[in-house]
A.B. asks: 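Below is one structure. I have some questions about it.
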Amino acid sequence: MSRRITARRTLIVTLAAWTVGFLIFFPILWTVLISFKSEGDAIKAPFAMLMSDWTFASYEQVQTRSNYSRHFMNSVVISLGSTLVALAIAIPAAWAMAFVPGKRTKDVLMWMLSTKMMPAVGVLIPLYLLFRDLGLLDTRTGLVIVLTLINLPIVIWMLYTYFKEIPGEILEAARMDGATLRSEILYILTPMAVPGIASTLLLNVILAWNEAFWTLQLTTSRAAPLTQFIASYSSPEGLFYAKLSAASTMAIAPILILGWFSQKQLVRGLTFGAVK
Amino acid sequence: MGKITLRNVQKRFGEAVVIPSLDLDIEDGEFVVFVGPSGCGKSTLLRLIAGLEDVSDGQILIDGRNATEMPPAKRGLAMVFQSYALYPHMTVRKNIAFPLKMAKMDRAEIDRRVDNAARVLNLTNYLDRRPGQLSGGQRQRVAIGRAIVREPAAFLFDEPLSNLDAALRVNMRLEITELHQSLKTTMIYVTHDQVEAMTMADKIVVLNAGRIEQVGSPLTLYRSPANLFVAGFIGSPKMNLIAGPEAASRGATTIGIRPEHLDISRDGGEWPGEVGVSEHLGSDTFLHVHVKGMPTLTVRAGGEFGVHHGDRVWLTPQPDKIHRFGPDGRAI
Amino acid sequence: MATQHSKTAARLMISPAVILLFLWMIVPLSMTLYFSFLRYNLLMPGMESFTGWDNYYYFLTDPAFAAALTNTLLLVGGVLLITIVGGTALALLLDQPMWGQGIVRILVIAPFFIMPTVSALVWKNMFMNPVNGMFAHIARALGMQPFDFLAHAPLASIIGIVAWQWLPFATLILLTALQSLDREQMEAAEMDGASPVARFVYITLPHLTRAITVVVLIQTIFLLGVFAEILVTTNGGPGTASTNITYLVYAQSLLNYDVGGGSAGGIVAVILANIVAIFLMRMIGKNLDA
Ligand SMILES: Nc1ncnc2c1ncn2[C@@H]1O[C@H](COP(=O)(O)OP(=O)(O)OP(=O)(O)O)[C@@H](O)[C@H]1O
Ligand SMILES: [Mg+2]
């Protein structure tokens, strides 16, 4: 291929890719733009809307009227809390399965994955009733428990695939050097696995942040995270596009940024190491 | 002290018997080399001694104490792995200090020992680097440093040089030998390499399918191999093994003659043959000679022995260098 | 590595995870199973009584169930089809040399990080609303009648929204898989005279099988449970036009307070998911070992 043709080809590919990328991203961009408009301008035809004045009013209203920051904190506590608890349970388990594999290890791993396939509705009622009786409905604790359990298999799988890549000889060397199990995990394994643990953490915070079955079922207001808060916009009163956009923008911005940082690890994390 | 005794040691992985039953005595201060074909159980044996694997049956004694049930760290042995197994997130200093830290030694003593080891191993300038920033040979030295600071009863090496290039290998071979001479600690060394085995060992243990074929000094194994397996395994190029009438005429089932013990002549001798491939190494020439009624014989000739493919030559075995083996493969 | 000591330690370390997951599987599920044989309504506490298979009978013969089952299959199948075909095409495009590839990647991956309630509401209001939505504005500008997506094509609209959320996932995974394709293999095929189409069919596609399997598995897990998107857009309607099994069970139990009927529905959902799961686990088990 001559250089001219290559350059032209690159140009066409670039144009096509940018167009597709822009179209896919467009709904998000549009939401962000509307969030800076007044309610009256927000429902105008696209061109008129773009030309209208910009304002922060919706952001202020979202905060003062519905205490946005409380829901934000709920989201932070629930997603981070459930991820940390899951990690604490999963790190020892993944260590054991990666470095002391038994005959059953593969089966146990597959079984754990299969618990993830159990549809949430299958246990909706008992969980709802249990939570009601234990006073866990609409509490952060309750949601941390549930989200820990539903993400545990994924956390274990991800850590397992990362640990698998650490050469076993290094751990044996530590054992020869007199490290106890505790110091082996503390001084050798954990530092070496930090990148893996970090991306597991990141991915699970994202998954928990966006979880929208249990958060909608088990919370109403006090412990409601952003998913539930946004859902309250599905039955609107009056003009609300700008406020919905502002609330949405604030709900997705932090996770979008985290997500962009984690996209490299995302693939292997979500595919349980099957695609790297 | 570092006297290691294996008594009736057995190892099974599930159904597979890797080491049927094995007895071995390793004296304090000895340099013992395990050799044998791939998969014969050298690493397994070493790991049993280290305590990284449980023995299925039998006993391991270290300095007379029963160590069979002891965890690896309690046995007072240090191991150098084939992949070096350095801790990638720690500096060289921290790597070497790690076993001492685990033993809760005080800081001053740790520093003293680490500096000492670094000096011996020429690592002083690299103490603040991480393993990723070191060459293969330097990494190897760090691994050894991590082993020697513990002042172990014995060192265990599992093919420690196999990841190095040829020149570095020769260097490290010498360094390890020197280290052994100055420390006088027991060393057990697993290798594939003939030259390493012959040059480093006080005692070579030849293993085959988890069994010991012969134990002895390098020259003993070279001069009087106990059986066909050892005869074929020790020495490079391999000993020529000849069965049939030629062996029968010497009262054996098989006779063996090393390439360097076959005299070659263009004018006459015992066995007439025709030159096949010749390999010129400069210092030596190895000729593959076809002799009627025998397998192709390898002959070591002088460096500039000029023959060509198809030339006619005569071979004469040196009579006192012929090894004779009976029908069971044992030396007669 | 495998000494008796470390094996014991390993067992101890796995057990919390295993016990928790086991309880999580077994306790609520057996409660659901128990409830499914009761006549049990939250509005009439203390009136529980054993009814045998009645709940199952009513749930399975309710026309809503057949509709929900069809909708679930259409939803999962439709989204899988769109995301895999679209994702492959997009991955092939993004794998070409271009300017600003990193930025395009970021744009394409973004919808995956949007929480379901946000994306559903954004599409519902800002785009699909028949009065103020962008599609309506465009239709009017072109002189056409605006189309009320969620009223007249509710399931298709939801499929569209969900596909938008999952397209990035498929694209990213397939792109990663593409990038691990051995260049030399491609060049060898080119030397052997294979056309671009032949190279795609005989080399690229087989190379992608594993990645596609993974995409199917993971998306299916999540797609069977689609809920928020339906809740905030159509509430399963009009009628049952956009009700899937998950939503049906929710409506039965928490909107109608019928614990018995909802539980029977939950058990049915579990059985259906298991049928899919067995099939999928086989597929991925085979692929993961390779
Ligand atoms: N964990 C294990 N489970 C089952 N079999 C094993 C295990 N470890 C080793 N083996 C088997 O034991 C035998 C001896 O293995 P070992 O690693 O000791 O050989 P080796 O002599 O060190 O070989 P090499 O020279 O290739 O390193 C081999 O047949 C191997 O397959
Ligand atoms: Mg080995």
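Side-chain atoms are counted along with the backbone in the values below, which use heavy atoms only and exclude waters and symmetry mates. Proteins come first, then strands; the chains are lettered A, B, ... in the order of their sequence lines, and each starts at number 1. Bear in mind the structure is a predicted one, so any value in this text is a computation, not a measurement.
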A.B. asks: Is there a side chain to side chain contact (heavy atoms under 4.5 Å, CB included) between Trp30(A) and Val122(C)? Walk through the geometry before answering.
C.D. replies: CA-CA 9 Å; Trp30(A) 199 241; Val122(C) 164; over 6 Å; no

A.B. asks: Hey, does Phe213(A) have a side-chain heavy atom less than 4.5 Å from the side chain of Thr246(C)?
C.D. replies: yes

A.B. asks: So Tyr250(C) and Gln217(A), side chain to side chain contact (heavy atoms under 4.5 Å, CB included) or not? Walk me through it.
C.D. replies: CA-CA 9 Å; Tyr250(C) 156 78; Gln217(A) 303 290 4; 3.1 Å; yes

A.B. asks: Is there a side-chain contact between Gln101(C) and Thr14(A) (heavy atoms, below 4.5 Å)?
C.D. replies: no

A.B. asks: Under 3.5 Å, which donor-acceptor pairs do the side chains of residues 119-127 of chain A form with other protein atoms, sequence neighbours left out?
C.D. replies:
none

A.B. asks: Side chain from CB out, backbone as N, CA, C, O: work out which of these in Ala90(A) comes under 4.5 Å of a heavy atom of chain C, or both, or neither.
C.D. replies: neither

A.B. asks: Quick one: of Gln179(C), Arg105(C), Arg11(C), Arg140(C), who has the most non-hydrogen atom pairs under 4.5 Å with chain A?
C.D. replies: Arg105(C)

A.B. asks: Would you check if Leu152(A) and Trp24(C) make a side-chain contact, meaning some heavy-atom pair closer than 4.5 Å?
C.D. replies: no

A.B. asks: I'd like to know whether Val13(A) forms a side chain to side chain contact (heavy atoms under 4.5 Å, CB included) with Trp99(C), so could you lay out the CA-CA distance, the side-chain angles of the two residues, the decisive distance to 0.1 Å, and finally the verdict.
C.D. replies: CA-CA 9 Å; Val13(A) 169; Trp99(C) 293 297; over 6 Å; no

A.B. asks: Any side-chain heavy-atom pair from Ile24(A) and Leu90(C) closer than 4.5 angstrom?
C.D. replies: yes

A.B. asks: Determine whether Met13(C) and Val100(A) make a side-chain contact, defined as any pair of heavy atoms from C-beta on separated by less than 4.5 Å.
C.D. replies: no

A.B. asks: Sort Val268(C) into side chain, backbone, both or neither according to what part of it lies under 4.5 angstrom from a heavy atom of chain A.
C.D. replies: neither

A.B. asks: With heavy-atom distances below 4.5 Å as the criterion, would you say the side chains of Trp18(A) and Ile103(C) are in contact?
C.D. replies: yes

A.B. asks: Among Leu256(A), Ile255(A), Thr31(A), find the residue that satisfies the side-chain contact (heavy atoms from CB on, under 4.5 Å) test when tested with Ile114(C).
C.D. replies: Leu256(A)

A.B. asks: Please examine the side chains of Ile109(C) and Trp260(A), heavy atoms only from C-beta on, and report whether any two atoms are closer than 4.5 Å.
C.D. replies: yes

A.B. asks: So how far is it from Ile230(A) CD1 to Met115(C) CE, rounded to the nearest 0.5 Å?
C.D. replies: 6.5 Å

A.B. asks: Measuring heavy-atom distances to chain A, does Tyr40(C) have an atom under 4.5 Å in its side chain, in its backbone, in both, or in neither?
C.D. replies: side chain

A.B. asks: Out of Ala251(A), Ala94(A), Gly21(A), which one racks up the most heavy-atom pairs below 4.5 Å with chain C?
C.D. replies: Gly21(A)

A.B. asks: With rounding to the nearest 0.5 angstrom, report the CG to OG1 distance, Leu29(C) to Thr115(A).
C.D. replies: 11.5 Å

A.B. asks: Using non-hydrogen atoms only, which part of Leu93(C) is less than 4.5 Å away from chain A: side chain, backbone, both, or neither?
C.D. replies: both

A.B. asks: Apply side chain to side chain contact (heavy atoms under 4.5 Å, CB included) to Asn210(A) and Gln165(C), showing your working.
C.D. replies: CA-CA 12 Å; Asn210(A) 290 340; Gln165(C) 291 176 284; over 6 Å; no

A.B. asks: When heavy-atom pairs shorter than 4.5 Å are enumerated against chain C, which of Phe26(A), Trp209(A), Trp111(A), Phe47(A) gives the highest number?
C.D. replies: Trp111(A)

A.B. asks: Can you sort out the partners of Lys37(A) under salt bridge (Lys or Arg N to Asp or Glu O under 4.0 Å), two or more places apart, ordered by chain and number?
C.D. replies: none

A.B. asks: So, do Thr117(C) and Leu216(A) sit near enough that their side-chain heavy atoms are less than 4.5 Å apart?
C.D. replies: yes

A.B. asks: Check whether Leu258(A) gets within reach of chain C through its side chain, its backbone, both or neither, counting any heavy atom under 4.5 Å.
C.D. replies: neither

